[in-house]
There are 2 protein chains.
Amino acid sequence: MKCRSCREPAVIELRRHNAGFCAPCFLTYCRNQVVRAVEEHKMIARGERVLVAVSGGKDSLALWDLLLDLGYQADGLYIGLGIGGYSEPSGEYTRSFAEARGVTLVEVDLPGDFGYDIRSGAAADHRVPCSACGLSKRHIFDRAAVEGGYDVVATGHNLDDEAAVLFGNLLHWDVAYLARQRPVLPERDGFPRKVKPLVRLAEREMAAYCVLRGIDYQVEECPMSAGNRHLGYKDALNAVEERSPGTKAAFYHGFLEHGANLGAEIGEREREGLRPCSNCGAPTVGEICAFCKLVRRAGGNPNRRIPVSAGPVSAGPVSAGPVSAGPVSTGPVPAGPVPAGPVSAGPVSAGPVSAGPVSAGPVSAGPVSAGPVPAGPVSAGPVPADAALADAALATPAPGAKETAK
Amino acid sequence: MKCRSCREPAVIELRRHNAGFCAPCFLTYCRNQVVRAVEEHKMIARGERVLVAVSGGKDSLALWDLLLDLGYQADGLYIGLGIGGYSEPSGEYTRSFAEARGVTLVEVDLPGDFGYDIRSGAAADHRVPCSACGLSKRHIFDRAAVEGGYDVVATGHNLDDEAAVLFGNLLHWDVAYLARQRPVLPERDGFPRKVKPLVRLAEREMAAYCVLRGIDYQVEECPMSAGNRHLGYKDALNAVEERSPGTKAAFYHGFLEHGANLGAEIGEREREGLRPCSNCGAPTVGEICAFCKLVRRAGGNPNRRIPVSAGPVSAGPVSAGPVSAGPVSTGPVPAGPVPAGPVSAGPVSAGPVSAGPVSAGPVSAGPVSAGPVPAGPVSAGPVPADAALADAALATPAPGAKETAK
């Protein structure tokens with residue numbers, strides 16, 4: 001199979017596009033999909049300050065890398081969840097990424113800063129762990145963005161995540177959640193704007209992106225997500241996608257086109273009842289927000305300030321030049337410079353070619369063998385399908401998988 | 001496990017209801033679900049003449065049996081599709097059923113009456129077989145109902161069928177099809193009223209019903225449906241249902257409640273353009289309807305009259321007494337009389353108990369061992385999951401599984 005763009009040998013096959021790509025053209029493809037999503041849904045204006053919700057998994061690190069590469073002013077926020085054996089390496093991957101690029105990483109540690117972890121918070125608040133996790137992350141990302149003066153929070157939800165959440169919400173006809181499932185949630189009522197720039201990219205594409213860019217990431221699935229319904233929805237959609245490549249993308253984008261009004265009136269009603277939490281000021285329908293309740297029940301302190309420094313408030317969109325104006329090097333990325341200009345620039349040797357194929361998802365991958373593969377969990381050959389779910393699992397609320405907060 | 005109703009040993013477990021039933025109480029459960037669907041959606045009034053679309057599979061024969069048992073005036077219409085090795089036994093099961101009960105069966109034979117079969121029709125009209133089949137069946141059922149003066153056409157679509165079709169239509173956001181996917185389509189524009197009384201019953205429940213009632217049916221899957229997308233959608237939903245019993249029912253009934261307006265305006269626009277086919281008079285958007293086009297292209301004759309005798313036109317709903325007024329025996333059914341009254345009437349011995357468990361679907365069945373099992377394909381022990389799909393497969397249009405005509 002040859003690269004669709006430059007006719008060099010392909011390293012990855014994308015069945016839903018009926019196309020193969022070489023390594024440089026695949027990276028260009030990923031960037032172009034992000035540019036298209038950002039523009040189509042007016043996610044981020046030039047010059048705005050972006051806070052990237054980073055978990056240490058492939059999606060959020062790829063997102064951060066892509067936004068930096070595209071020239072956005074993007075800081076990261078990592079939340080240590082206190083999940084033994086899982087949170088430590090996740091934090092290390094995130095710190096390594098930030099240090100290698102010299103970019104700002106804000107860190108919050110649930111046990112150290114707020115006095116609880118996911119297990120104790122879930123138990124105290126009578127929630128399943130994924131629910132306590134999603135609630136905590138959403139609250140802290142929102143608060144950090146507001147306190148730090150960020151214009152927008154970006155999360156690493158990919159096409160597979162969004163399709164699976166959509167499937168779950170349709171299975172149960174959770175119309176209030178359907179109304180909120182958009183690639184952009186505008187700023188309002190004390191919530192910052194939230195965007196999902198990876199909605200045009202599949203999970204295995206994000207795994208391949210990290211491998212080709214030499215990004216080490218947490219490949220383990222969160223140990224607390226076992227049996228999570230969200231993963232079952234992904235499996236079911238993967239089985240359909242396997243028979244009919246492209247179905248997932250048609251499903252999600254068709255929803256954006258045709259299902260937009262589902263539950264809109266319910267979403268509106270819910271928003272009308274919001275007021276500031278009497279403890280932390282976050283928007284809530286009750287006297288005290290769900291986060292403050294959970295942390296107090298778990299014996300922690302919900303009032304810890306998040307160590308973000310409020311940057312200059314952007315004065316509207318600032319043109320930083322065309323997005324694809326050439327390679328934007330943001331630090332010592334292991335893979336060599338990747339051409340961001342026209343793909344027809346010819347074959348680019350990206351370094352030593354690894355020996356084995358990388359198959360990062362349930363869709364049978366074409367030959368992936370490209371660029372220097374870093375030491376670490378992704379270097380050991382095929383990326384297991386389960387590992388590719390790590391990010392999503394981390395972020396999934398339960399039991400109904402209604403929305404995720406990466 | 002004990003029967004939820006009478007505490008006798010259960011022969012079938014319904015995980016989505018978290019319940020087991022003995023044989024007589026299971027049959028009562030099936031009847032009650034049909035009564036509830038018919039009443040809830042105002043499908044059939046007492047005294048109306050019903051034409052049952054019968055394929056020889058479990059769903060349509062169970063439907064016919066249930067409607068007769070509930071006291072409805074229900075004739076059957078069987079269409080011989082000319083599918084070698086498949087259509088002959090399907091017709092035989094149907095004829096045996098009708099003869100044993102002394103009820104009216106109208107028969108149409110595509111090759112003998114219209115001069116084509118599914119294979120030649122599909123080839124001539126450049127359709128996949130499932131599409132040619134669905135088109136032919138819908139047209140002939142509609143025409144027979146109109147010519148025979150029937151008030152309503154009843155089809156054997158069960159909960160699994162409807163959930164799978166809904167899933168397919170949502171995956172592709174076929175809003176025009178979503179607008180038409182209701183348990184009742186009212187009579188209008190030359191189409192008869194069409195109803196689906198089995199929408200509250202699952203596929204494996206229909207297989208168990210037939211076994212317990214001693215109904216022999218075609219268990220083979222239609223040989224022309226291999227690779228049909230609809231079956232893939234069923235598999236995907238079955239995987240979800242396996243993890244969370246009840247999801248399929250919540251999905252379908254939630255759609256009826258919340259998705260009712262999806263595409264409604266498109267359905268309305270489409271109906272506005274209907275006019276009579278210049279050849280046969282059926283409603284169509286073109287000069288000639290799709291059926292007449294297909295038959296002519298296949299070298300057949302679309303004008304053959306269907307041998308239905310127009311019965312008296314019903315003068316509105318006639319009360320035939322309460323539905324569950326006791327056993328309605330409609331002929332020599334192998335299983336003994338089944339109590340249709342209160343389930344608490346106590347254990348009823350339904351005859352010799354067969355040796356082996358009957359597992360008729362992907363959900364792990366509890367012990368099913370009840371009633372006389374007839375000679376024939378269902379007598380040989382477990383009913384294979386694939387066989388349970390025979391009816392639906394026969395009826396499924398392709399490629400998108402947008403609606404089925406059983």
Side-chain angles (χ1 to χ4, degrees), chain A residues 16 128 159 162-179 181 226-267 362 398-402, chain B residues 16 128 159 162-179 181 226-267 362 398-402:
Chain A
R16 72 193 170 98
V128 294
L159 175 60
E162 292 302 289
V165 170
L166 174 59
F167 185 30
N169 286 337
L170 283 172
L171 281 175
H172 301 96
W173 289 89
D174 280 321
V175 287
Y177 283 99
L178 286 167
Q181 203 192 340
N228 183 300
R229 280 192 198 176
H230 186 68
L231 302 183
Y233 302 149
K234 281 196 169 178
D235 291 345
L237 288 179
N238 284 341
V240 172
E241 179 81 11
E242 172 80 33
R243 292 171 76 130
S244 303
T247 303
K248 249 185 263 190
F251 178 46
Y252 177 65
H253 294 291
F255 163 70
L256 296 184
E257 187 179 349
H258 296 290
N261 292 324
L262 277 172
E265 75 295 347
I266 293 179
K402 292 167 178 190
Chain B
R16 71 193 170 98
V128 294
L159 175 60
E162 292 302 289
V165 170
L166 174 59
F167 185 30
N169 286 336
L170 283 171
L171 280 174
H172 301 96
W173 289 90
D174 281 322
V175 287
Y177 284 99
L178 287 168
Q181 203 192 340
N228 184 301
R229 280 190 197 177
H230 186 67
L231 301 183
Y233 302 148
K234 282 197 169 178
D235 291 345
L237 289 179
N238 284 341
V240 172
E241 179 81 12
E242 172 79 34
R243 293 170 76 131
S244 304
T247 304
K248 250 186 265 191
F251 178 45
Y252 177 65
H253 294 291
F255 162 70
L256 296 185
E257 187 179 349
H258 296 291
N261 293 324
L262 278 172
E265 75 295 347
I266 293 179
K402 292 168 178 189

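The basis for the numbers below is simple: all heavy atoms, side chains too, and nothing from hydrogens, waters or symmetry mates. Residue numbers start from 1 in every chain, and the chains themselves are labelled A, B, ... in the order their sequence lines are given, proteins ahead of strands.
Heavy-atom distances place both the backbone and the side chain of B:A250 under 4.5 Å from chain A. Of the two parts of B:S244, only the side chain, counted from C-beta on, holds a non-hydrogen atom closer than 4.5 Å to a non-hydrogen atom of chain A.
When atom types are taken as modelled, the side chain of A:R243 and the backbone of B:N228 share a donor-acceptor pair closer than 3.5 angstrom.
Shown here are the ring-ring contact (aromatic ring centres under 6.0 Å, His included) partners of A:F255, two or more places apart in sequence or in another chain: B:W173.
The residue from B:L237, B:D235, B:L171 that alone fulfils the side-chain contact (heavy atoms from CB on, under 4.5 Å) condition with A:V240 is B:L171.
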